[in-house]
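Everything below concerns the one structure shown next.
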Amino acid sequence: MGRQVPAVARALDILELFLDGPVVLSPPEMTRKLGLPRTTVHELVSTLTARGYLSPAPDQPGGYRLGVRTYQLGSHYAEQLDLAAEGRQVAADVARTCDETVHIAILEGTDVIYIAKVDSTHAVRMVSAVGRTLPAHCTAVGTMLLAMLPEDELDERIPRGGALAAMTDNSITSPVALRARLAEVRTRGIAVEDRESNPDVHCVAAPVRDSSGAVVAALSISVPSIRWDDRRTPELEQLARKGAADLSARLGHRSAP
């Protein structure tokens, strides 16, 4: 573990005063409770307020309460917990149907993070773990999620110049080729990976939407090359679509009639 940053720790100490304390606190009260210098507390409060983590209490001059940013973070964390929990249940249903490994993943920067996984019962199966990150452009879940980004956001995450890192000989390394792939994925609503993150694994993935219709995750089915058969692809694509739709429904998404 790296060295802790004292200023960050003190800022978090201020926020944590509100966990079991009063709704509103003044800087002098924070100073007394934490034993910090008065100027330090005022600087931290000013910074936290500017970033939306604290806000002045309109009915108590000189007092502060938690800001909207803390609510947004808490809500996002709760959504991720719900997504992971619901995702595990749906992944289990899909895995029982096809007896292959099923993942649920989200996009973080230019990587995907696997938040749920259910293994196949076969002796030969994909070696992966919840919490693992992989370059999004090398995976079916990743290309699915990248394809759903607005063009300007995609350009911010993956510039058009330069080269992309490869994980296997099949990995896409050209941003131009990647965008061509993403256009195809966007049109079909399904992503297929041909040994691009693992030389011995094929994957198909479909998008998962929340109640607003936004794509928040992707569901994939991973199959070792020794069991992969192109004739089985339509079946796996249909199953991935159904699993993603089932998870979307659990998150409150209502598909168009």
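Between the side chains of Thr233 and Glu237, no donor-acceptor pair is found at a separation under 3.5 Å. For the residue pair Gln238/Arg241, the side-chain donor-acceptor check at 3.5 Å is not satisfied. Of the N and O atoms on the side chains of Gln89 and Arg250, at least one donor lies less than 3.5 Å from an acceptor on the other residue. Residues Thr187 and Glu184 bring no donor and acceptor atom of their side chains to less than 3.5 Å of each other. Ser212 and Asp210 form a side-chain donor-acceptor contact under 3.5 Å, judged by distance and modelled atom types alone.
With sequence neighbours left out, the ring pair (Phe, Tyr, Trp, His ring centres under 6.0 Å) criterion links His137 to no other residue.
Across all their heavy atoms, His103 and Ser222 have their closest contact at ND1-OG, 3.6 Å. The minimum heavy-atom distance linking Thr49 with Pro56 is given by the pair CG2-CD, 4.1 Å. Scanning both residues, Pro199 and Ser225, for their nearest heavy atoms gives O-OG, 4.0 Å. Scanning all heavy atoms of the two residues, the minimum distance from Leu219 to Gly243 falls at CD1-C, 3.9 Å. Smallest separation of non-hydrogen atoms from Val24 and Gln60: CG1-OE1, 3.6 Å. Closest approach of Ala191 to Thr143, counting heavy atoms only: CB-OG1, 3.5 Å.
Ion pairing of Lys33 with Glu16 is absent here, as no side-chain N (NZ or NE/NH1/NH2) approaches a carboxylate O to less than 4.0 Å. In this structure, Asp119 pairs ionically with Lys117, as a charged nitrogen and a carboxylate oxygen lie closer than 4.0 Å. Ion pairing between Asp93 and Arg96 holds under the 4.0 Å rule for side-chain N and carboxylate O. Using a 4.0 Å cut-off between charged side-chain N and carboxylate O, Glu193 and Arg181 make no salt bridge. Between Arg195 and Asp200 there is no salt bridge, since no side-chain nitrogen of the basic residue lies less than 4.0 Å from a carboxylate oxygen of the acidic one.
Interatomic distance, CG of Asn198 versus SG of Cys203, reported as 8.5 Å (0.5 Å rounding). Between the CZ atom of Arg179 and the CG atom of Leu146 there is a distance of 9.0 Å, given to the nearest 0.5 Å. Taken from OH in Tyr64 to CG in Leu17, the straight-line distance is 14.5 Å, to the nearest 0.5 Å. For the atom pair CG (Leu239) and CD (Glu100), the distance works out to 10.0 Å, reported to the nearest 0.5 Å.
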| message | Go through it in stages, so that I can follow the logic: the residues are Leu154 and Leu182, the test is side chain to side chain contact (heavy atoms under 4.5 Å, CB included), and I'd like the CA-CA distance, side-chain angles, deciding distance and then a yes or no. | response | CA-CA 10 Å; Leu154 177 62; Leu182 298 182; 3.7 Å; yes

| request: Any chance you could lay out the side chain to side chain donor-acceptor pair (under 3.5 Å) test for Thr121 and Asp99, step after step, and finish with the verdict? | output: CA-CA 6 Å; Thr121 62; Asp99 200 14; 2.7 Å; yes

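The cluster map of Ile, Leu, Val, Met, Phe, Trp and Tyr, joined by side-chain heavy atoms under 4.5 Å apart, puts Leu44 and Leu73 in the same cluster. Residues Ile113 and Val118 do not share a hydrophobic cluster, defined by chaining ILVMFWY side chains whose heavy atoms lie under 4.5 Å apart. Linking ILVMFWY residues whenever their side-chain heavy atoms come closer than 4.5 Å, directly or via other members, leaves Ile190 and Trp228 in distinct clusters.
Side-chain atoms of Glu196 and Ile172, non-hydrogen and from C-beta on, do get closer than 4.5 Å to each other. Side-chain contact between Leu25 and Phe18: present, with at least one pair of heavy atoms (C-beta onward) separated by less than 4.5 Å. Contact of the Ile115 side chain with the Leu83 side chain is registered, since non-hydrogen atoms from C-beta on lie closer than 4.5 Å.
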